[in-house]
Q: 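Take this structure, written in structure tokens, and hold onto it; I'll ask about it next.
Sequence positions, counted from 1, serve as the residue numbers for this chain. When reading the values below, keep in mind they use all heavy atoms of this one structure, side chains included, and skip hydrogens, waters and symmetry mates. All values reported here derive from a predicted model rather than from experimental measurement.
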Amino acid sequence: MASQMSILIRTRALLRNTLYPNLKTASISTSSALSQEPQLAESTQPSPLPPNPATGSPLYNENWRNPVQNSATEVTQSLVPLGFLKHSPNPRIQAMSQMVDGQALMNVFADWMASQRWEDMKLLFELWIRSLDKNGKPNKPDVGLYNHYLRANLMMDGTAADLLDLVAQMEDFAILPNTASFNLVLKAMYQARETEAAEKLLQRMLQTGKESLPDDESYALLTGMLFLTEKIDAALKYVDLTLKSGYMLHMTAFSDCVRSCVNKGRLDVLVSIIEKCKTMDQNKALCPPWSLCNIIAEAAMQEDNSKLVFYSLEFMARWIARGEIARPPVLLSADEGLVVSVLGTAARTYNQTLLDASWAILIRSLRKKKSPNPETFLGKIYAHAALGDLQRAFSTLREFETAYWNSIEDVELFSPFTSLYPLVMACCKNGFETLDSVYFQLENLSRADPPYKSVAALNCVILGCANIWDLDRAYQTFEAIGSSFGLTPDIHSYNALMYAFGKLKKTFEALRVFEHLVTLGVKPNAMSYSLLVDAHLINRDQKAALSIIDDMITAGFVPSRETLKKIRRRCMREMDDESDDRVEALAKKFMIRMATEKRRNMLFNLQYSTNYA
């Protein structure tokens with residue numbers, strides 16, 4: 001028996017010294033409280049003591065109620081604190097400790113936990129284990145009852161070191177701590193942010209038997225503590241261990257993991273964790289809070305991480321679906337500006353799945369109450385054009401025209417030079433082959449039921465032909481607007497044709513196109529005058545370009561900074577100081593700040609030679 005007692009003492013000391021090497025302990029007497037008041041003896045003859053009720057019990061010497069010798073080799077701590085000896089216990093609780101057995105005590109603790117009577121629970125347990133059962137033997141708690149005592153100490157602000165001592169003393173009752181016991185210690189460590197001790201304790205749990213292996217709560221407490229102390233690498237290691245062990249990842253731990261990975265830029269690690277969660281039945285329903293979904297999407301878009309952007313939209317879709325079936329319903333909607341940014345990310349990363357998901361979540365957010373904004377349509381067209389899906393790009397253009405062709409004043413939204421220029425570049429990517437294919441598709445759609453005829457789409461084809469220097473196809477497409485499609489060319493059609501003529505130095509023809517549109521009553525815009533200026537500058541005629549600028553100002557338009565810089569550059573190369581002065585005067589008049597041309601002039605003045613210095 002002495003050898004067994006020494007083994008238990010050494011085990012308790014090892015556990016305490018491993019997790020808290022610098023903590024000093026002291027022995028506390030566990031003998032029953034004795035009255036300190038002097039009493040007068042009634043007789044001089046001492047009366048004999050009654051027989052010991054526990055005589056013959058094999059557990060009597062193992063019970064912790066035996067006084068512990070105050071020696072240097074024994075560092076055990078009593079369950080009864082010093083404060084307990086200074087005041088008398090509640091008579092009702094003291095009486096109850098003499099009457100209840102283990103099962104009845106569990107029921108009492110269950111009721112008291114609901115009312116948070118932690119001090120009474122602690123006091124009753126300490127009195128109960130000092131009492132005898134109906135057989136005259138010391139009361140022995142089981143692990144469940146002892147865990148209630150640990151919880152009472154935790155709720156009374158017990159430290160992790162105190163709880164570890166109490167866990168070590170479970171061996172005195174021939175019971176082994178289970179996972180719940182260690183989880184209560186981990187909770188105390190969580191409150192004190194003792195990360196190193198918590199890691200050591202978890203490793204000890206992994207090395208012990210099945211009864212004390214860590215569960216999902218154990219991992220959640222440790223990972224939450226590590227995330228709070230910004231130990232990201234260690235936290236991610238235990239998150240991965242949680243998933244490998246097949247446990248459910250707590251929502252708090254998952255949210256902390258997501259937030260920490262986003263803040264530290266560990267987006268690839270976050271994608272890996274989400275993918276692992278999606279493969280597990282118990283974790284595939286995890287979803288971070290709504291506000292965090294937006295943060296994930298913004299961080300992922302900055303890094304062009306299309307997978308993480310897609311997962312953030314998937315989380316948003318779950319929240320929208322949950323809100324719609326709630327009572328009362330909570331109608332959540334994705335921000336349309338965020339969707340436009342996602343469309344741009346889909347275009348840059350060539351991700352068709354992300355494109356479809358972003359549009360689907362937008363339509364669901366709008367709930368058929370309004371059409372998407374023009375910028376959203378343009379973003380979708382740009383994404384389809386970047387992916388090379390011209391059929392869906394022109395289908396989106398058709399939806400765009402249906403929603404805004406007659407209800408919007410800004411005609412620049414359908415300009416092939418600005419808004420629809422990505423579609424133009426996609427049409428001429430493979431030269432005339434792609435342009436002819438697009439034209440024939442538009443021709444077939446014009447004869448479909450219902451027919452689709454679009455001037456904006458044909459303007460993209462005209463400008464695409466001009467980009468590949470194919471004037472004949474550009475002119476034929478322009479004429480087909482009226483002859484084949486039965487439509488009327490708009491100002492963008494004429495501008496695209498003028499651009500085709502000007503690019504091939506056919507300035508005279510470009511001027512005739514301009515005069516023709518004016519006679520038809522079509523009002524030229526700023527782009528019309530800018531294209532004429534470019535046509536004159538290609539022929540090195542800066543004076544004629546300045547005359548077009550005068551007409552442009554008379555018509556009520558202001559020349560752009562880029563146009564004035566082009567004219568000034570031509571004046572410098574032609575050494576026309578007079579025209580250069582006029583350009584400077586126009587820049588001052590319209591308060592346009594003209595940058596210097598030093599870098600361009602350096603390239604212009606380079607002397608190219610095959611001789612090396």
Side-chain angles (χ1 to χ4, degrees), residues 219-220 223-240 242-243 248-278 280 283-324 326 330-349 351 353-367 372-373 375-376 379-380 383:
Y219 288 113
T223 53
M225 194 187 323
L226 292 171
F227 280 127
L228 288 175
T229 54
E230 297 185 355
K231 296 182 178 180
I232 307 300
D233 294 331
L236 293 177
K237 180 184 74 172
Y238 287 105
V239 168
D240 186 65
T242 305
L243 299 177
M248 179 178 179
L249 194 63
H250 284 203
M251 181 59 67
T252 304
F254 181 69
S255 300
D256 292 339
C257 178
V258 170
R259 189 177 293 104
S260 299
C261 289
V262 170
N263 294 337
K264 298 298 181 179
R266 308 288 291 275
L267 302 184
D268 293 334
V269 177
L270 180 57
V271 170
S272 175
I273 292 174
I274 294 175
E275 289 176 347
K276 289 180 181 179
C277 292
K278 290 171 68 68
M280 303 174 64
N283 289 317
K284 63 182 180 181
L286 287 174
C287 184
W290 173 264
S291 59
L292 192 55
C293 295
N294 290 272
I295 296 175
I296 297 172
E298 292 175 358
M301 285 187 293
Q302 291 178 1
E303 300 295 332
D304 282 342
N305 193 322
S306 57
K307 280 188 177 181
L308 189 55
V309 176
F310 176 79
Y311 290 144
S312 66
L313 294 182
E314 190 176 30
F315 293 145
M316 291 183 184
R318 292 181 187 176
W319 278 111
I320 293 175
R322 293 175 186 175
E324 291 175 348
V330 180
L331 302 180
L332 298 173
S333 299
D335 183 73
E336 193 165 355
L338 179 68
V339 175
V340 174
S341 301
V342 173
L343 291 171
T345 303
R348 292 191 300 272
T349 57
N351 193 320
T353 305
L354 180 59
L355 171 58
D356 296 337
S358 60
W359 192 257
I361 197 172
L362 175 64
I363 297 302
R364 188 165 187 176
S365 299
L366 295 176
R367 297 179 177 85
N373 289 328
E375 294 79 8
T376 313
K380 188 180 180 184

Q: Please identify each residue that fulfils side-chain contact (heavy atoms from CB on, under 4.5 Å) with Ile363, with sequence neighbours left out.
A: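 Expected list: Trp359, Pro372.
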
Q: Compare every heavy atom of Val339 with every heavy atom of Ala334, then report the nearest pair and how far apart it is.
A: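 That closest heavy-atom pairing would be CB-CG2, 4.4 Å.
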
Q: Could I get the full list of side-chain hydrogen bond (donor to acceptor under 3.5 Å, both in side chains) partners for Tyr219, not counting sequence neighbours?
A: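 Counting only residues at least two positions away or on another chain, Tyr219 forms no side-chain hydrogen bond (donor to acceptor under 3.5 Å, both in side chains).
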
Q: Just jot down the side-chain contact (heavy atoms from CB on, under 4.5 Å) partners of Asn351, sequence neighbours excluded, or say none.
A: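 Partners of Asn351 under the side-chain contact (heavy atoms from CB on, under 4.5 Å) test: Ser306, Thr349, Thr353, Leu354.
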
Q: Side-chain contact, heavy-atom cut-off 4.5 Å: Met316 with Leu338?
A: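 Counting from C-beta outward, Met316 and Leu338 do come under 4.5 Å.
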
Q: Give me the atom names and distance for the closest heavy-atom approach of Ile361 to Leu313.
A: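 Heavy-atom minimum between the residues: CD1-O, 3.5 Å.
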
Q: Could you state the interatomic distance from CG (Asn305) to CG (Leu270), rounded to the nearest 0.5 Å?
A: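 It comes to 8.5 Å.
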
Q: Using residues 284-297 as the side-chain source, report each donor-acceptor pair under 3.5 Å to any protein atom, sequence neighbours left out, with the distance given to one decimal.
A:
from, atom 1, to, atom 2, distance (Å)
Asn294, ND2, Trp290, O, 3.0

Q: Quick one: are Ile232 and Asn263 in side-chain contact, heavy atoms under 4.5 Å?
A: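 Sidechains of Asn263 and Ile232: no contact.
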
Q: Going from NE2 on His250 to CG on Asn283, what distance comes out if it is rounded to the nearest 0.5 angstrom?
A: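 It comes to 10.0 Å.
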
Q: Restricting to side-chain hydrogen bond (donor to acceptor under 3.5 Å, both in side chains), what partner residues turn up for Asp304, sequence neighbours left out?
A: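 Expected list: Arg348.
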
Q: For Met280 versus Leu243, what's the shortest heavy-atom pair and its separation?
A: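 Answer, listing the atom of Met280 first, then Leu243: CE-O, 3.6 Å.
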
Q: Please identify each residue that fulfils side-chain hydrogen bond (donor to acceptor under 3.5 Å, both in side chains) with Arg367, with sequence neighbours left out.
A: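 With sequence neighbours excluded, Arg367 shows a side-chain hydrogen bond (donor to acceptor under 3.5 Å, both in side chains) to Ser333, given in chain and number order.
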
Q: Quick check: closest heavy atoms across Ala235 and Thr223, and the distance to 0.1 Å?
A: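 Scanning both residues, the minimum pair turns out to be O-CG2, 3.8 Å.
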
Q: Please determine if Lys237 and Asp240 form a salt bridge, counting it only when a charged side-chain N lies under 4.0 Å from a carboxylate O.
A: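 Answer for the salt bridge query: no.
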
Q: With side chains defined as the heavy atoms from C-beta onward, is the minimum distance between Lys380 and Thr376 less than 4.5 Å?
A: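 Counting from C-beta outward, Lys380 and Thr376 never come under 4.5 Å.
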
Q: Between Ser272 (side chain) and Asp268 (backbone), is there a donor-acceptor pair under 3.5 Å?
A: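 Answer holds: no.
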
Q: Holding to salt bridge (charged side-chain N to carboxylate O under 4.0 Å, His left out), I want the full list of residues that pass it with Asp335, two or more places apart in sequence or in another chain.
A: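 Checked Asp335 against salt bridge (charged side-chain N to carboxylate O under 4.0 Å, His left out); zero matches.
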
Q: Applying side-chain contact (heavy atoms from CB on, under 4.5 Å), name anything that partners Glu275, two or more places apart in sequence or on another chain.
A: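 For Glu275, the residues satisfying side-chain contact (heavy atoms from CB on, under 4.5 Å) (neighbours in sequence not counted) are Val271, Lys307, Tyr311.
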
Q: Could you go through the side chain to side chain contact (heavy atoms under 4.5 Å, CB included) check for Leu236 and Cys261 one step at a time?
A: CA-CA 9 Å; Leu236 293 177; Cys261 289; 3.9 Å; yes

Q: With rounding to the nearest 0.5 Å, note down the distance linking OH in Tyr238 to SG in Cys257.
A: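 Atom-to-atom, Tyr238:OH and Cys257:SG are 15.0 Å apart.
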
Q: Which heavy atom of Gly224 sits nearest to which heavy atom of Asp256, and what is that distance?
A: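 Nearest heavy atoms, Gly224 then Asp256: CA-OD2, 4.3 Å.
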
Q: With sequence neighbours excluded, give me every salt bridge (charged side-chain N to carboxylate O under 4.0 Å, His left out) pair touching residues 310-323.
A: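 Residue pairs passing salt bridge (charged side-chain N to carboxylate O under 4.0 Å, His left out), neighbours aside: Lys278-Glu314.
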
Q: What's the shortest heavy-atom distance between Leu355 and Ser358, and which atoms?
A: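 Where Leu355 meets Ser358 most closely, the heavy atoms are O-OG, 2.8 Å.
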
Q: Got a sec, which pairs hit salt bridge (charged side-chain N to carboxylate O under 4.0 Å, His left out) with one end in residues 223-234, sequence neighbours left out?
A: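 Listed once each, the pairs are Asp233-Arg266.
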
Q: Does some side-chain heavy atom of Phe227 sit less than 4.5 Å from a side-chain heavy atom of Val239?
A: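 Answer yes - side chains close enough.
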
Q: Please enumerate all residues that pass side-chain hydrogen bond (donor to acceptor under 3.5 Å, both in side chains) together with Gln302, with sequence neighbours excluded.
A: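 For Gln302, no residue satisfies side-chain hydrogen bond (donor to acceptor under 3.5 Å, both in side chains) once neighbours in sequence are set aside.
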
Q: Can you pull out every salt bridge (charged side-chain N to carboxylate O under 4.0 Å, His left out) where at least one residue sits in residues 293-303? Sequence neighbours excluded, please.
A: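 Not a single pair qualifies under salt bridge (charged side-chain N to carboxylate O under 4.0 Å, His left out).
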
